[in-house]
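Encoded as structure tokens, the structure appears first; notes follow it.
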Amino acid sequence: MPSIYSCAECGTNLNLNTIHLYPADFYFEAGNKGTVSFSAMDATKFRLEKEDKFRPFFETIDYWGIQRNRTKIKCNGCGRLVGHVYDDGPPLTDSPGQFHFGPSQVIPRAPRYRFKIKALRISSET
């Protein structure tokens, strides 16, 4: 049964389709805790804002880069931050990676739209 994902703040239907939902146990470099991830989203429902973070390597235990580029996803209805776009989705090519050391950041990856569960109201379609 498909779910309806709405903004928890204003109740706007975000038009997120469950066929684009990644399985809960799918591995991502940036983690998956307290979030749901989609491979596609309806761009008319959201506003995207670039965010650059520079973090020293000792600030977090499981950092994934000193420079962190991601994009904020905000609800078009109320402007609330509902998630981020990461570039750690599935690889776009089946290349073995630079110098054949396996997948790395060098391989272009699909975007992943990661939404905070607390920022969504999830209801079942009846």
Side-chain angles (χ1 to χ4, degrees):
M1 182 184 313
S3 298
I4 298 170
Y5 296 88
S6 307
C7 177
E9 188 80 24
C10 66
T12 302
N13 182 351
L14 300 176
N15 206 16
L16 294 169
N17 199 326
T18 48
I19 62 166
H20 300 300
L21 184 65
Y22 284 110
D25 60 349
F26 200 94
Y27 172 76
F28 293 109
E29 290 165 21
N32 225 0
K33 191 175 178 186
T35 61
V36 287
S37 296
F38 292 84
S39 60
M41 68 173 195
D42 181 358
T44 62
K45 299 285 182 178
F46 303 100
R47 203 166 54 236
L48 300 178
E49 277 180 25
K50 285 277 186 207
E51 175 188 39
D52 291 328
K53 268 193 176 172
F54 290 94
R55 289 197 145 154
F57 68 91
F58 51 83
E59 190 174 314
T60 57
I61 297 168
D62 57 347
Y63 82 102
W64 49 281
I66 292 173
Q67 183 182 3
R68 195 179 209 175
N69 295 326
R70 61 183 186 179
T71 304
K72 291 179 181 179
I73 305 172
K74 292 189 172 183
C75 172
N76 243 352
C78 62
R80 179 181 180 169
L81 178 68
V82 291
H84 292 91
V85 181
Y86 289 90
D87 58 358
D88 65 353
L92 294 173
T93 64
D94 33 334
S95 164
Q98 193 176 31
F99 308 118
H100 297 277
F101 287 139
S104 68
Q105 296 292 348
V106 176
I107 296 174
R109 301 178 84 87
R112 171 172 65 117
Y113 304 97
R114 181 183 184 194
F115 293 88
K116 298 177 189 180
I117 291 174
K118 289 180 180 177
L120 300 174
R121 190 179 305 134
I122 305 168
S123 55
S124 296
E125 210 171 65
T126 53

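Numbers here simply count residues along the sequence, with the first being 1. Atom set for the values below is all heavy atoms of this structure, side chains included, hydrogens, waters and symmetry mates excluded.
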**Study point:** Residues that Ser37 engages under side chain to side chain donor-acceptor pair (under 3.5 Å), provided they are two or more places apart
**Key:** Asn32, Arg112
Point to revise | Rounded distance [0.5 Å steps], CE in Met41 versus CG in Asn15 | key: 11.5 Å
Check your understanding: How would you list, by chain and number, every residue that makes a side chain to side chain contact (heavy atoms under 4.5 Å, CB included) with Ala110, sequence neighbours excluded?
Key -> Pro90, Leu92
Practice item. Write out all pairs satisfying salt bridge (charged side-chain N to carboxylate O under 4.0 Å, His left out) with one or both partners inside residues 11-24, taking only residues at least two apart or from two chains. Key: none
Check your understanding: Going through the checks in order, is the side-chain contact (heavy atoms from CB on, under 4.5 Å) test met by Leu14 and Cys7?
Key -> CA-CA 7 Å; Leu14 300 176; Cys7 177; 4.3 Å; yes
Check your understanding: Quick one: CZ on Phe115 to CZ on Phe46, what's the gap to the nearest 0.5 Å?
Key -> 4.0 Å
Practice item. Look up atom NZ in Lys45 and atom CG in Asn76, then write down how far apart they are to the nearest 0.5 Å. Key: 9.0 Å
Check your understanding: Considering residues at least two apart in sequence or located in another chain, which fulfil the side chain to side chain donor-acceptor pair (under 3.5 Å) criterion with Asn17?
Key -> none
Point to revise | Test ring pair (Phe, Tyr, Trp, His ring centres under 6.0 Å) applied to Tyr5 - qualifying residues, sequence neighbours left out | key: Phe38
Review point. Which residue pairs pass the salt bridge (charged side-chain N to carboxylate O under 4.0 Å, His left out) test when at least one of the two sits in residues 4-26, sequence neighbours left out?
Key: Glu9-Arg80
**Study point:** Verdict with supporting geometry, Leu120 and Val36, side-chain contact (heavy atoms from CB on, under 4.5 Å)
**Key:** CA-CA 10 Å; Leu120 300 174; Val36 287; 3.8 Å; yes
Check your understanding: Distance from Thr35 atom OG1 to Lys118 atom NZ, nearest 0.5 Å?
Key -> 12.0 Å
Point to revise | Trace of the side-chain contact (heavy atoms from CB on, under 4.5 Å) decision for Asn13 with Ile4 | key: CA-CA 7 Å; Asn13 182 351; Ile4 298 170; 3.9 Å; yes
Review point. If you take all heavy atoms of Ser3 and Ile122, which pair is closest and at what distance?
Key: CB-CG2, 4.0 Å
Practice item. Verify the cluster assignment for Ile117 and Leu21: are they in a single hydrophobic cluster under the rule of side-chain heavy atoms below 4.5 Å apart? Key: yes
**Study point:** salt bridge (charged side-chain N to carboxylate O under 4.0 Å, His left out) partners of Lys74, counting only residues at least two apart
**Key:** Glu49
Study note, to complete from the structure: Interatomic distance, OG1@Thr71 vs CZ@Arg47, rounded to 0.5 Å, equals 14.0 Å
